[in-house]
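No hydrogens, no waters, no symmetry mates; every other heavy atom, side chains included, goes into these values. In what follows, chains are A, B, ... by sequence order, proteins preceding strands, each numbered from 1.
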Amino acid sequence: MIGLRSTKNTTEDFSEILKQWPIGRVRDFIGRRTSAEAGAAIESLGRTPVDLAALVSPAASGLLEPMAQRSAGLTRRRFGNILQFYAPLYVSNYCRNFCRYCGFNRGADVRRRALTVDEAMADAEYLSSEGFRHILLVSGEDPSRVPPEYFENLITLLCDRFASISIEIYPLDRDGYLRLVDAGADGLTLYQETYDPLVYTRMHPAGPKKDFRSRLRAIECGAAAGMQSLGIGALLGLSSWREEAFYIGMHALYLQRRYWRSHVSVSFPRMRRAAGGIAPQRSVDDSALVQMICALRLILPDAGLVLSTRESARLRDNLLPIGITRLSAASVTEPGGYVGGRRSGTQFEVQDKRSLREMADAVKERGFDPVLKDWDAAYRYDQGVSPQ
Amino acid sequence: MEPLVIGGRKFNSRLFIGTGKFGAGDIMSRAVRASGTELVTVALRRVELSGGEKDDDLLGRLDSESVLIVPNTSGARTAEEAVRIARLARAAGGYEWVKIEVVPDPDYLLPDGPETLKATEVLAAEGFNVMPYVNADPVLCLRLVEAGAVTVMPLGAPIGTNRGLRTRDMLEIIIEQATIPVVVDAGLGKPSHAADAIEMGADAVLVNTAVATAGDPVGMAQAFARAVSSAELAVDAAPREPRRPAEASSPLTGFLRDDA
C-alpha cells in the first residue's frame, strides 16, 4: 500500500521515480535496514521499497539460505521445473560509444565486422541446427553499419526459423521499435549499465550513449511499441551492487505496472575484463550475486531472471535451482563467430563454454527440463482464420 | 493514512454509501450523516430530474455541501444505456461524476465487463469522472485504468449477499496492480468485512445493503465508520504477517562455503 502506488499514475517515465531516489538516499535507506526487516520481507513477500532495500542490505547477508529457499520455492511455483535457453547472435561490433568497460568501445583496438544479412543468416542457421529456437540479436551502437532496415529485413527472415527474436541493439524511438515488432521481434533487452548517474557519466564519456535519461527512456519506447519481453539490468562491477539491485527492483516494478502487457526480465551480467576495457571497479562476489538474485526473485515473483555464459559452469549449475529461469548457452560474442571462426573482436570472455547439448544434460541432471521453444511468432500474425 | 484522492478530489472518509436500498425517508439521511461519508451514490432513475415533487426525492435529503453525490447508471443493461444515463445526469443536474453499473443479469445482478469498459471509454473521453463497478477481474481493471476511469470498484461478493471478501485472491491482485484507487463495492455485510478490505490495501469501500437493511441503520453506519477508521490505523501501524511454519530442505547456498 505504501509501495510505488502513489507515484504511478502521474509519472511520465521512470526517471521521475529516480529523482525521488537519488543515490545518496538509496545508500542511506539500504544502510538503515535491519535483519528483522529482512526477515519480515522474506516471510511476507512484500514489495515496498523497505522490503526491497532490506533484502539487498548487509542486514540480509546472514539470511542467504532462507532467502534462497524461499526464492527457489517461488520460482518453482511460478515457472515449474523449466529452464529456457537462448543464444545471442552478434551481428556487428562497430560502435560509436566509448563505454570504458566494453571490448567493442570505439577506441578499442579490435577487428571490426558487421555481418551482411546473408552472413547473419548463416550464423542463425547454425544456431537453429543446434536446436536454438529463441535468439537474441546483439550489435554495437552504429546504425550506419547496421541500420534499422537491416534489422527489419533480418528479423523478417529469422521468423521462419526462430520462435522468438529479441534484440539488444542501439536505442530506437517508439516508431523504430514498432517497425521491428511488426517485422517479428518480440523482446527488447537494454541494460542501463548503472543507475548511478555520476558513474554513468564517468563510464560513458562520449557518443550517443552519454545521455543517461534517453537510454533510460528507450526501454519504455519499446514497451509502448508492444515488445512483449523487456530485459533490464546493470553491469555488475561498475558501482555498488546493493544500490544497483535496489534500482533494478524499482525499475522492474515500475515497468510491470505501467506496461502490464509486457513481461519483465532481469539479467545479472558480472563485469569481465574485456579486451581494451577497464577492470571491474567494485567487486561482486558469488555471495553478492546469490543475494541479488534471491532478493529480486522475492520482490518480482513473475520476472524472468537471466544468466549468461559470463559465469562459470560450476556457478551456473549451482544458481540454477535458486531463481534463474533463462540461460544462454554455447555463446560466441563476436560477429560471425558461430560459422566463421575467430575473425573479429569479442565483447567479453565466455566462461561457460559448454554446448547446448551439454548444458541441457547438466540441467536435466539437476531435475530440470530444458525448454528451447516457448513462443511462436505465428501467434502474432493473422493466420487467415477468423471467428466467422 | 494519507487522505484519499480520487479524480483530484480529497476524501476524508474511506467509507462510501450507496442508497439503492434505502427509502427516501429520514433514516437514509441520518445514516449517511452517522457514517461520516463524503461520497454517496444515487440511482439516477430514482432522482426527480424535472425538479417537481420533492417529497420522494433522495437528493432533497442529502447535504451536497458535505457529500459528493455520484449518480449511478443502475438499470442500464448496455454501454449505450449507461452512456445515455450519464449524459442525462450531466445535462439535467450538472453531474460530472458517474458510477457505471451495467447489469444485464437480473438474478445475480453481476456487472457486464465488456459493456462497462465501453461505457467507461466513452464517458471518460467526455470528461466524466468515471467510477466503474465491475467483477473482481484484474485484467478488466487494468483495461479500465487505460480507458480513463478515476477508480475501479470491484465486488467483494455478489451484490446484496453480505458475504464479505469472497473474491479475495482477485482483489489482492487488483490492489497490487492498481495505479488508481480501488474501492471494494458490494458484498460487504459486516463492519469486519469493510475493515478486512482496508487492511488488505483497498483505498475505500462502498456499502449499501448492510447499512440500509440493518435493524438500526444509523447504528450500523456508525459501526462501519469505526471499522474503516480502525483498519486505517492498523495499516499505518504496519502489522506483522503471520509466520509460515519452517520448511526443512537441503541447503542451496552451501556451495558458497565450499569455495572458502
Side-chain angles (χ1 to χ4, degrees), chain A residues 1-11 36-37 39-48 50-51 61-73 75-76 253-254 256-261 285-291 293-294 301-302 312 314-323, chain B residues 1-8 14 138-146 148-152 172-182 197-203 231-232 234-260:
Chain A
M1 178 135 218
I2 50 163
L4 293 170
R5 233 160 114 202
S6 53
T7 54
K8 280 179 301 179
N9 212 25
T10 52
T11 303
E37 284 172 326
I42 298 170
E43 284 292 323
S44 72
L45 297 178
R47 299 183 186 190
T48 66
V50 169
D51 293 313
S61 305
L63 298 169
L64 269 195
E65 183 60 29
M67 276 176 81
Q69 294 291 350
R70 190 82 153 123
S71 166
T75 307
R76 297 287 77 79
L253 286 170
Y254 164 83
Q256 282 182 343
R257 289 185 158 100
R258 172 125 190 211
Y259 304 98
W260 55 273
R261 288 182 177 83
D285 63 17
D286 291 353
S287 301
L289 189 61
V290 168
Q291 187 177 345
I293 290 171
C294 294
D302 298 325
S312 71
R314 178 176 176 274
L315 182 67
R316 292 221 305 171
D317 288 351
N318 279 307
L319 291 177
L320 289 188
I322 291 183
Chain B
M1 286 166 84
E2 285 173 19
L4 172 63
V5 177
I6 300 177
R14 291 171 184 268
V139 173
L140 176 60
C141 289
L142 289 167
R143 297 283 304 267
L144 287 165
V145 173
E146 288 181 342
V150 294
T151 176
V152 287
E172 281 173 356
I173 296 173
I174 291 167
I175 288 165
E176 190 217 308
Q177 293 182 324
T179 53
I180 57 177
V182 176
I198 300 293
E199 285 167 4
M200 184 198 275
D203 295 278
E232 286 180 58
V235 169
D236 281 342
R240 283 280 171 255
E241 291 289 318
R243 279 186 64 85
R244 290 176 309 124
E247 298 161 18
S249 44
S250 51
L252 288 168
T253 55
F255 74 94
L256 291 171
R257 285 183 295 279
D258 298 343
D259 285 335

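- Annotation: maximal heavy-atom pairing with chain B below 4.5 Å, among S287(A), C294(A), G73(A), occurs at S287(A).
- Listed by chain and number, the residues in a side chain to side chain donor-acceptor pair (under 3.5 Å) with D317(A) are R354(A) (sequence neighbours excluded).
- The shortest heavy-atom contact between L252(B) and A68(A) is CD1-O, 3.4 Å.
- Under the rule for a side chain to side chain donor-acceptor pair (under 3.5 Å), D236(B) has no partner lying at least two apart in sequence or in another chain.
- In this structure the side chain of W260(A) never reaches within 4.5 angstrom of the side chain of V145(B), judged on heavy atoms.
- Rounding to the nearest 0.5 angstrom, the gap separating the CG atom in L256(B) from the CG atom in L315(A) is 8.0 Å.
- Atom CD in Q69(A) sits 8.0 Å away from atom OG1 in T253(B) (nearest 0.5 Å).
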